[in-house]
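Each remark here refers to the structure printed beneath this line.
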Protein chains: 2
Amino acid sequence: MDVRTICLGILTRGDATGYEIKKLFEEGAYSHFLEASFGSIYPALTRLTEEGLVSCRAETQEKRPDRKVYSITQAGRRAFIDALSGPMPEDKYRSPFLFAMLFAHQLPPEHVHALIDQRIAETEAMLRHLDDVGATADGPGEQFVIGYGRATFEGALAYLMAHRARFETKEPAAAE
Amino acid sequence: MDVRTICLGILTRGDATGYEIKKLFEEGAYSHFLEASFGSIYPALTRLTEEGLVSCRAETQEKRPDRKVYSITQAGRRAFIDALSGPMPEDKYRSPFLFAMLFAHQLPPEHVHALIDQRIAETEAMLRHLDDVGATADGPGEQFVIGYGRATFEGALAYLMAHRARFETKEPAAAE
DNA sequence: GTTTGCATGTAAACGGTTACATGATTGG
DNA sequence: CCAATCATGTAACCGTTTACATGCAAAC
């Protein structure tokens, strides 16, 4: 899913500036499965405007830099639905944490232990975040996505809790 | 986690050719959280050899193309442990499926339904795959990683099963 | 007085994928 | 006969990140 399509999707929910889109990426209900930087959002918005999929009105503000508010056009809505109707690219999960855990026996036990504890803390933080955004989420889609995130993170958390002892520091482990 | 480090890690488990490393990526216990193509593996192996982190012996085969078998060196092992000891980059999860679900109310109900059913089938296939590789997995690290995968996919699957009815085709939904 | 927030944008660098090039063998 | 498996490698392309450039206002 490229940044273009994601911007289009966000704009179906209401007008926004590039800056606001970025904030949705890092703070919203999307943050656990989407990400993008200014360096990709601004050029995407410019191209989308050239192609007539979004329109742009400039708002001159006092005491604040000018802002460009983008709206999706009818053509944009059509292009968006088309993009969602085509074949879905596969989900991608890249996990440096799991990669490191694969080599747990080659690492100092206290390092492995720290890795797991850190991961537990991050997962708990993620669950709290999902609760926060879940409280104000509107449509059924958003509720579904947040629920899906909660289900996976809860599964992961339970597993981490249940298996951390395995790698506890200096656990002399009965046999090899 | 770049392809270089991942190749190094795989080679700590035993010698391998570029071709074999690729197969591990797509068939092994790694496949749910790692991926790489030939176009990145071969150049990585070449560079690693130049830097002395791996060594390479050529095996001339009859009836088969020559193969280059790579082994990790002592310097390579050190570099690998160093890479795992530094700060871990965050996990990244990119989900076109969840992105599409966010806009479920804008999509034809039968399309949403198909999306969920497809996802259920994929998740079940993934769980079967993890069972297969889990049966032959050796170290504690591999067992942990497979268990973690199972825990998250089982959480996801239970959620999908429990909530698919919400989006069932033509469910006239009591109120908005 | 320094950091944070608002606000937009560009250019270079990076890591990676896709497609291409080559070629023999084995199984359906 | 065609597809798949084994096996290596390059080059063009792509989307993205990172760093840079600019600047004012409010909060700490």
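Below, chain A is the first sequence line, B the second, and so on; all start at residue 1.
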How many whole angstroms separate atom [atom1] of [X] from atom [atom2] of [N]?
X        : N       : atom1 : atom2 : result
Phe38(A) : dT18(D) : CZ    : P     : 13 Å
Ile41(A) : dG15(D) : CD1   : P     : 16 Å
Leu45(B) : dT10(D) : CG    : C1'   : 15 Å
Lys68(A) : dT10(C) : NZ    : P     : 8 Å
Phe25(B) : dG16(C) : CZ    : C1'   : 12 Å
Lys22(A) : dG5(C)  : NZ    : P     : 12 Å
Arg67(B) : dA24(C) : CZ    : C1'   : 16 Å
Glu27(A) : dC6(C)  : CD    : C1'   : 13 Å

Inset, instruction - Using a 4.5 Å cut-off on heavy atoms from C-beta on, say whether the side chain of Asp131(A) contacts that of Arg150(A). - result: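 Yes, close enough: below the 4.5 Å cut-off.
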
Inset, instruction - Identify whether any heavy atom of Gly18(A) sits under 4.0 Å from a base atom; if not, whether one sits that close to sugar-phosphate; answer base, sugar-phosphate or nothing. - result: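 The residue Gly18(A) makes sugar-phosphate contact but no base contact.
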
Inset, instruction - Give Thr17(A) one of three labels, base, sugar-phosphate or nothing, depending on what nucleic acid heavy atoms sit under 4.0 Å from its own. - result: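 Sugar-phosphate contact only.
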
[N] OP1/OP2 closer than 4.0 Å to side-chain N/O of [X]:
X        : N       : answer
Lys23(A) : dC6(C)  : yes
Gln61(B) : dC6(D)  : no
Ser40(B) : dT17(C) : yes

Legend entry - Whichever of Tyr42(B) and Arg94(B) has its nearest DNA chain D nucleotide further upstream toward 5':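 Going by which nucleotide is closer to the 5' end, it is Tyr42(B).
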
Inset, instruction - Could you point out which residue of Arg94(A), Glu35(A), Met1(A) forms a side chain to side chain contact (heavy atoms under 4.5 Å, CB included) with Arg94(B)? - result: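 When side chain to side chain contact (heavy atoms under 4.5 Å, CB included) is applied between Arg94(B) and each of Arg94(A), Glu35(A), Met1(A), only Glu35(A) qualifies.
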
Legend entry - Proximity to the side chain of Pro43(A) - top-ranked nucleotide from dT10(C), dG9(C), dC6(D):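 Of all the options, the side chain of Pro43(A) is nearest to dT10(C).
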
Legend entry - Side chain of Ser37(A) - closest among dG9(C), dT18(D), dC6(C):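 For Ser37(A), the side-chain atoms sit closest to dT18(D).
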
Inset, instruction - Could you tell me which non-hydrogen atom of Phe99(B) sits nearest to which non-hydrogen atom of Thr5(A), and how far apart they are? - result: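 Phe99(B) and Thr5(A) have their closest heavy atoms at CZ-O, 3.7 Å.
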
Legend entry - Least distance between heavy atoms, Thr12(B) atom then Gln106(A) atom: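 Answer, listing the atom of Thr12(B) first, then Gln106(A): OG1-NE2, 3.2 Å.
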
Inset, instruction - May I ask you to check whether over 12 heavy atoms, not counting those of Glu90(A), lie within 6.0 Å of atom CD? - result: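 Not buried by this count: 12 neighbours or fewer within 6.0 Å.
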
